[in-house]
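One structure is given here, and the rest of the page talks about it.
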There are 6 protein chains.
Amino acid sequence: MMRNDSREPNQLRPVKITTNVNKHAEGSVLIEVGDTKVICTATVEERVPPFMKGQGKGWVTAEYAMLPRATHSRNQREAAKGKLTGRTMEIQRLIGRALRSVVDLSALGERTITLDCDVIQADGGTRTTSITGAFVALTLAVEHLSKTVSFNKYPIRDYLASVSVGVIQEKAMLDLNYEEDSKAKVDMNVVMTGQGKFVEVQGTGEESPFSREELNQLLALAESGIAELIGKQKEALGESASRIGG
Amino acid sequence: MMRNDSREPNQLRPVKITTNVNKHAEGSVLIEVGDTKVICTATVEERVPPFMKGQGKGWVTAEYAMLPRATHSRNQREAAKGKLTGRTMEIQRLIGRALRSVVDLSALGERTITLDCDVIQADGGTRTTSITGAFVALTLAVEHLSKTVSFNKYPIRDYLASVSVGVIQEKAMLDLNYEEDSKAKVDMNVVMTGQGKFVEVQGTGEESPFSREELNQLLALAESGIAELIGKQKEALGESASRIGG
Amino acid sequence: MMRNDSREPNQLRPVKITTNVNKHAEGSVLIEVGDTKVICTATVEERVPPFMKGQGKGWVTAEYAMLPRATHSRNQREAAKGKLTGRTMEIQRLIGRALRSVVDLSALGERTITLDCDVIQADGGTRTTSITGAFVALTLAVEHLSKTVSFNKYPIRDYLASVSVGVIQEKAMLDLNYEEDSKAKVDMNVVMTGQGKFVEVQGTGEESPFSREELNQLLALAESGIAELIGKQKEALGESASRIGG
Amino acid sequence: MMRNDSREPNQLRPVKITTNVNKHAEGSVLIEVGDTKVICTATVEERVPPFMKGQGKGWVTAEYAMLPRATHSRNQREAAKGKLTGRTMEIQRLIGRALRSVVDLSALGERTITLDCDVIQADGGTRTTSITGAFVALTLAVEHLSKTVSFNKYPIRDYLASVSVGVIQEKAMLDLNYEEDSKAKVDMNVVMTGQGKFVEVQGTGEESPFSREELNQLLALAESGIAELIGKQKEALGESASRIGG
Amino acid sequence: MMRNDSREPNQLRPVKITTNVNKHAEGSVLIEVGDTKVICTATVEERVPPFMKGQGKGWVTAEYAMLPRATHSRNQREAAKGKLTGRTMEIQRLIGRALRSVVDLSALGERTITLDCDVIQADGGTRTTSITGAFVALTLAVEHLSKTVSFNKYPIRDYLASVSVGVIQEKAMLDLNYEEDSKAKVDMNVVMTGQGKFVEVQGTGEESPFSREELNQLLALAESGIAELIGKQKEALGESASRIGG
Amino acid sequence: MMRNDSREPNQLRPVKITTNVNKHAEGSVLIEVGDTKVICTATVEERVPPFMKGQGKGWVTAEYAMLPRATHSRNQREAAKGKLTGRTMEIQRLIGRALRSVVDLSALGERTITLDCDVIQADGGTRTTSITGAFVALTLAVEHLSKTVSFNKYPIRDYLASVSVGVIQEKAMLDLNYEEDSKAKVDMNVVMTGQGKFVEVQGTGEESPFSREELNQLLALAESGIAELIGKQKEALGESASRIGG
């Protein structure tokens, strides 16, 4: 069986991370994974949300959206509908939670970093691509902060990236594009750290429950894909890369 | 280490499923898992949502809510806030998706079954308890339908139940109560079928990433807990139980 | 003429009040009047709403909702609609106003008691049943407060209960169930105190205006029904009952 | 005791009803009761709401609002808040229900008449004044319809007017103005027909429960006030008046 | 070509400004321009919005609405829809901006004046009529303030009025009524000061772009119409008129 | 006086129009005017809004938004606020109206083209840049349609572009950037056709009313700037350019 874009089952789509694409944001990237393109900006604000006040700790949060025509047919804007869909809320909660797992909030101090992930063009894997890109924007913002703030400890403890995996016609595949995703019987999003630990494992077999063995194959594929994505993050970050986890 | 309610690490809380607690609904249960109590009602309607029209198939969906004082301190009603929280949307999407994985929508025919899961009292595990209880209410509604509709094939393919597992002080534990859940470093919700296959695996290590080995321990605990829960479902359903997957 | 459940015109449906049904709430009851079942919880908070600040007085308020399948056919959740219906607002304003009429807000001190009335199953009279049950939950919460707060004066001045009455086929009837309510030409909800005074009289003859004489018959029926309901409240409250109005 | 505007306890404020104040509406009045001024317009539309379709009957409904500066201090617009208050919903449900009690919906045929009651200036009794004025606007709209539609039966069965009554310093008073209303211990709104029957009786003793005797005094006052208001309606309607109930 | 109401191309409709039509507001007018009727009230509050705090300056803002039956067919209330239309927001932003152009916010001091423009009956030109009327209500409110506050400098720098102009069948016309407005190919709203300067020029040729020459003709017509409207404002304001710009 | 980026008063910022930046949309461009960057996509749908049905005509509409960090400090998403701001509504109404002025809706046939203008980075002039870019995306979509639909008449009648002009320190300036815009006393947005006719003229002198002479200077500047922008559109469109107005 051939994948629709001729990739091997364990092959990522081409990945490109362009840094500093926004002149206003403290950190920003355009991340492209195949035809999926996401702008991630990091905004630093010197305040924390009410529930975090007075703890001497910072906060990291995320918002996610798609431009109306990021997809094959046009979607109504959530601003016009007057509310966020369940899908959007689920994704932005996931991105925020994942990023916080590698941030030392005490080291960050009482400030908030907001990661905005706006999908310019979608072709599958927009939530995992957002996490991978947002991590780089977050690190750039921390670097930017470093110029004026001296941290006792570097606030980013480890790398973090994410990829999707799935089962198509009984075969485990890495990094599904939109067409593959629609055919997959099992669909899993995995977030891992540079140390190879899991931060999120979200597998769904709505159309076909899966066995322990299939789960193991998918996790192995995700592990190799994420290691490769972290390599791309290191290239994009250059020297800053060496301070992470330091 | 002792659990705060003296259970063994691999021990469920007491489970009680009371059927037919609502005189109007086509299927209903009160499910109690420890101090967590959820009313699940199943409503059958002879129509499908617009996106399913004309396919000769049915639909199964779910809604979830907590009474304001189900929890230790009172929560504002979502109806008063004017919108659902991200948490509620995430949970009700999960319940619906999980139930659909064991329903043959073609066999069901062009009708919708809506499962309402209303948490009367909460003490951890409300989403997993909702899934376990909703499955029973769903089956009762299908039984109720059977009296007037003759299905070519029984629309429920397999049992389905769910449980939470987590890591507390380096130790994997089954079926966390609220106090345990707040202390857990890793938190995982698992949904499985009667055949022992996975339908959903949602693990989160926001405060502490987890290893492959820890993941394996958690899945093993969940597997045994879910088998036990399915035993309780069979007791509650009695004779109807034999038709599932038939 | 026979009532559809064989009651006499001046006969209440069976009434059952179960106290302390919720482990978190300061006061709680499950009240059943025939097939109408309502969970009432009382939450005490050590603050008052902005418009009451700095007056040295407390506040009592209520919220009301029905589970989606409390009724014969399923109702859409108000949380999903994004707003409360006029009916819900009208009912919760009524419950709060009625309860406040027997509370000495100065004696209560600067705290708020919120009564949540959630209808688990509906068969007519849900607003009057909510008032009768909420009064008991409120008293239990005040009892609970008494353990740690010493009141100069007991904050509850008198008993309070409520019942519906109506005219069906020219005949005044007490405590209408759903089927009777749909046939009634005149429909009235009455709230009275233990001293036999009126707190609310809300009579509507949308389909048939009513005479002064009919009004008098309805009020007499309500008076006897409410006296009986207050007897049930005293049984449910036991010893605490004696402090009311003391 | 003297009333703050020197009226007798059983005296209405000056009442003025100006008809046809709007060139677009099928019926319209400006009603002034003391300093309370309400514009009531009636709109006829040749369709009924979904729940009335196919029954060969019409519908009458009402909406109520106050201009932001109708009151002593400015109120935020409900349109700006994004939702109606409970008070507004309660009032507009009351107005609609009251008007329908004297309309023969079958005689009206499949059309909707919407009464908009907009309070231009408020000084107590805005809901009762709205009902009294809306009845006249409704009748004018039916007259307007009569020019092109031949009714089998005149759709308005009887006159309808409304007034408030209350207890101030132990004394029953008719038609409270704003200052009186704020001091009243008992507050009651009554709607009656030309035949002297009750359509709505809404009495509230939030600050002081009331006896059967007080209730009787209030109803007697209301009865005389409403008879007088119906006299004013007849003057305003002139010849059309004679067809009502015909 | 004759205008539908027999006016000359450069002739305004009859203008009538009645002052002090509301007993609660600090300033109020009923302005009638032909069949267009708007109630404008000015409310003074001793606070400024958050973004103006601590600057020692005041604020002037406006809100605009139409009664549902102000127009030929009934419009749904924005309060019922739960949100303002784009048209309403555009108009109220315009009114506020226009009024601020002639107010010395420093001279006003830290207070807010809110102009509510409620269209009672509409026949074209509601936004321009609102501006012309609101200016008078604003001046009356400043006069009212003058009784208790001594301004270093009179806070109103100049007169301000507004009119619409348009091109109908190749001919420039002043002050379009509704029927004319629907036929106009070019539609322009102009706001000018007593000194003859422009504050707002909003010209739209959605159905037919317009030349520089047409623009010039329209501006000349507007200039003469606005001078006439300012004359009416002076009459309405009487003696107060002399302090403006003083 | 020097402009902050060393431009002459009558000089545009560098303009760059990149076509076909989105693989899903029927027409798309990235337009950059100085540091202002907007993605414009055109979506063709084979249906018209309800108010246009059955007229044999098409519809052109627009939506506008800014990414949260398009600006110097982060703006809350309108989707999170649950409603569009007045500014957004005003801008998207303007874009739609302007584009429709050069489209022959009958020639287009019963279909809708929606222009989404999403500001990726803002530095002044986002609404005028959106119009200039959206015109190109619209033309590309019509070209795309031309491959499958044979139009009796080419649906685009003329070019259309837009620019801002303003008065800074008594001097008229073309194409203001953000810093200039904040200092301008008069601010005007002009939309013109390829034939040099006006479609929209929106001038505001909130802080300083302007004279007829200033208005004339501003219009002259806008005229020359728009001619230049139309030159850029022609380059971007290449051959398609020749069919416009044909």
Side-chain angles (χ1 to χ4, degrees), chain E residues 60-61 63-64 81-94 96-105 157-160 167 185-216 218-220 222-223, chain F residues 60-61 63-64 81-94 96-105 157-160 167 185-216 218-220 222-223:
Chain E
V60 172
T61 186
E63 296 197 5
Y64 167 97
K81 279 191 256 188
K83 59 180 178 184
L84 302 176
T85 61
R87 178 183 177 276
T88 291
M89 290 221 229
E90 203 169 302
I91 292 175
Q92 60 194 24
R93 282 158 57 92
L94 167 65
R97 208 161 60 218
L99 293 172
R100 285 192 297 274
S101 76
V102 291
V103 175
D104 184 327
L105 297 175
R157 289 196 289 237
D158 200 352
Y159 281 87
L160 183 92
V167 177
K185 292 292 180 190
V186 180
D187 177 28
M188 184 171 292
N189 295 302
V190 180
V191 186
M192 294 181 81
T193 65
Q195 303 286 338
K197 293 220 169 175
F198 296 101
V199 167
E200 291 274 343
V201 174
Q202 298 200 340
T204 295
E206 179 175 340
E207 297 185 36
S208 165
F210 51 102
S211 66
R212 187 74 167 268
E213 197 187 318
E214 285 172 307
L215 175 58
N216 285 336
L218 290 169
L219 292 173
E223 203 166 344
Chain F
V60 172
T61 186
E63 296 196 5
Y64 167 95
K81 281 191 255 190
K83 59 180 176 183
L84 300 177
T85 63
R87 178 183 176 275
T88 292
M89 290 221 230
E90 204 169 301
I91 293 175
Q92 60 194 23
R93 281 159 57 92
L94 167 65
R97 207 162 61 219
L99 293 172
R100 285 191 298 275
S101 75
V102 291
V103 174
D104 184 328
L105 296 174
R157 288 196 288 236
D158 200 351
Y159 282 86
L160 183 93
V167 177
K185 292 292 178 188
V186 180
D187 177 29
M188 184 172 291
N189 295 301
V190 181
V191 185
M192 296 182 78
T193 64
Q195 303 286 337
K197 292 220 169 176
F198 295 100
V199 167
E200 291 274 342
V201 174
Q202 297 200 339
T204 295
E206 179 176 339
E207 297 183 36
S208 167
F210 51 100
S211 66
R212 188 74 167 270
E213 197 188 317
E214 284 171 309
L215 176 57
N216 286 336
L218 290 170
L219 293 172
E223 203 166 344

### Query
Which one of F/Glu214, F/Met192, F/Arg93 has the most heavy-atom pairs closer than 4.5 Å to chain E?
F/Arg93
### Query
How far apart are the closest heavy atoms of E/Phe198 and F/Leu215, and which atoms are they?
CE1-CD2, 4.3 Å
### Task
List for me each residue that meets side chain to side chain donor-acceptor pair (under 3.5 Å) alongside E/Thr88, sequence neighbours excluded, and say none if there are none.
E/Glu78, E/Thr85
### Query
Looking only at heavy atoms, which of residues 200-207 of chain F get nearer than 4.5 Å to chain E?
F/Glu200, F/Val201, F/Gln202, F/Gly203, F/Thr204, F/Gly205, F/Glu206
### Where E/Pro209 and F/Lys197 come nearest, the two heavy atoms and their spacing
CB-CB, 3.5 Å
### Task
Output all residues satisfying side chain to side chain donor-acceptor pair (under 3.5 Å) with F/Gln195, sequence neighbours left out; order by chain, then residue number.
none
### Summary
Sorted by chain and residue number, the side chain to side chain contact (heavy atoms under 4.5 Å, CB included) partners of E/Thr61 (sequence neighbours excluded) come out as E/Trp59, E/Thr112, E/Thr114
### Task
Name the region of F/Arg97, side chain, backbone, both or neither, that has any atom closer than 4.5 Å to a heavy atom of chain E.
both
### Query
Is chain F contacted by the side chain of E/Leu84, its backbone, both, or neither, given a heavy-atom distance below 4.5 Å?
backbone
### Query
By a 4.5 Å heavy-atom criterion (distance strictly below it), what part of E/Asn189 contacts chain F: side chain, backbone, both, or neither?
neither
### Query
When only pairs under 4.5 Å are counted, which of F/Val102, F/Val199, F/Leu99 shares the most heavy-atom pairs with chain E?
F/Val199
### Summary
Scored by heavy-atom pairs under 4.5 Å with chain E, the best of F/Met89, F/Arg212, F/Met188, F/Lys83 is F/Arg212
